[in-house]
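Structure, as structure tokens:
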Protein chains: 2
Amino acid sequence: MEKMNNKNKIFIDKLRSSGLRPTKQRVEISKFLFNRKKTFHFTVEELKNSMNLKRSKKISTATFYNTVHALKSAGHLKEFSLENNTSYYDTNITSHHHFFDNGKVIDIKSDKITFHKLPDAPKGKKIKNVEVVIRLENNNQ
Amino acid sequence: MEKMNNKNKIFIDKLRSSGLRPTKQRVEISKFLFNRKKTFHFTVEELKNSMNLKRSKKISTATFYNTVHALKSAGHLKEFSLENNTSYYDTNITSHHHFFDNGKVIDIKSDKITFHKLPDAPKGKKIKNVEVVIRLENNNQ
DNA sequence: AACTACTTTATAATAGTTCTAAACTAAGTG
DNA sequence: CACTTAGTTTAGAACTATTATAAAGTAGTT
Ligand SMILES: [Mn+2]
Ligand SMILES: [Mn+2]
Ligand SMILES: [Zn+2]
Ligand SMILES: [Zn+2]
């Protein structure tokens, strides 16, 4: 890539160090995903719509899917599921927990939940991770 | 329904008391789902394939979807999600936890997990339920 | 500048699910 | 019992999220 202003350097490096060519599209998607203070939870379609809204030259659907998969494989995104039939992605790749509040997802830092009792893994298996979902509802009245 | 042998009475009553007409199809599906000792976790397509395999007169896809939705609305099934884009259903409608082992789902009774620390719900919200997923992997070697 | 492997793209294909509207049936009514 | 009707089943179309295809474009190398 010719045009490599400093603002993009960090994302170009991130892509390159993951074995991904820092194409125009990947750099823009990475910047959109990772250039924020708070965790971002999203579906590929949401990502596509919000990024393409402000663009004259649209990025194709396939590229959004390809890039999100590539970033997930590289360990920069985690996938998770809500109750519908859509994959969600999480820019917080650490092991952590969630509040689910009517489709809205909020991170809970790992150390905010600790266990008093946990079952052993079945024979021949071991625990890879433990993740908690706390479902919320509105207070009465 | 004319043919109401005693084996079916319990399922007919279950349907009727939920405001659902005990049709031939619904009774058979209910029997398949609920006439077992252990929790059953399934997708609608899996249910359809395993029930229709042994039938000459097949039950239609739409009826499987309709019936599963009706049973869910009546509170006889719970829906949950794995990492793919498919809805899973659970015949255990109590609040409980799961092991996920490469697509295999195993129930964990609620009292097998207790918490030492849990976050408060955000302002204006309250906790509806807390569910834990313990992901498993094979022991090394 | 020329080359090549990788990437993007438009488009088709697939999978799970929901919708539609016509045929069927459970269950009540006389 | 007929008769009626509201609820149900069904085949098939439609829809949505996602993946596959293969041609055109581009990053990185020489
Ligand atoms: Mn969505
Ligand atoms: Mn499946
Ligand atoms: Zn998160
Ligand atoms: Zn379960």
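Remember, predicted model here, so these are calculated numbers, not experimental data. Chain identifiers are assigned alphabetically (A, B, ...) following the order of the sequence lines, protein sequences preceding nucleic acid strands; residue numbering begins at 1 within each chain.
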Atom pair distance, as rounded to whole Å: CG in A:Asp13 and C1' in D:dA27: 16 Å
Distance below 4.0 Å between A:Ser87 side-chain N/O and D:dT18 OP1 or OP2: yes
Given C:dT17, C:dT9, D:dA11, the nucleotide with the shortest approach to the side chain of B:Ser60: D:dA11
B:Thr23 vs D:dT9: side-chain N/O to OP1/OP2 distance below 4.0 Å: yes
Euclidean distance, atom NZ of residue A:Lys48 to atom C1' of C:dT8 [Å, nearest integer]: 15 Å
B:Phe42 ring center within less than 6.0 Å of B:Tyr88 ring center: no
First encountered from the 5' end of DNA chain C, between A:Arg21 and B:Tyr65: A:Arg21
Any donor-acceptor pair under 3.5 Å from B:Arg36 side chain to B:Phe32 backbone: yes
Distance test, side-chain N/O of A:Arg26 to OP1/OP2 of D:dA27, below 4.0 Å: no
Side chain of A:Thr86 (C-beta onward), nearest among C:dT8, D:dA17, C:dA26: D:dA17
B:Lys72 charged N/C atom sitting above B:Tyr89 aromatic ring, 6.0 Å / 45°: no
Any B:Gln25 side-chain nitrogen or oxygen under 4.0 Å from OP1 or OP2 of C:dT25: no
Side-chain donor-acceptor pair present, B:Glu79, B:Ser87, cut-off under 3.5 Å: yes
Nearest listed nucleotide, side chain of B:Glu45, among C:dA27, D:dT10, C:dG16: C:dG16
Length of the CD-P vector between B:Glu79 and C:dG16, whole Å: 15 Å
Given D:dT9, D:dA27, C:dC19, the nucleotide with the shortest approach to the side chain of B:Ala62: C:dC19
Between C:dG16 (C1') and B:Glu46 (CD): distance, integer Å: 12 Å
Exercise: do A:Lys125 and B:Asn138 side chains pair donor with acceptor under 3.5 Å: yes
Of B:Val44 and B:Leu20, the one whose closest DNA chain C nucleotide lies more 5': B:Val44
Short side-chain N/O contact to C:dT9 OP1/OP2 from A:Lys57, under 4.0 Å: yes
Phosphate OP1/OP2 of C:dT17: any B:His69 side-chain N/O under 4.0 Å: no
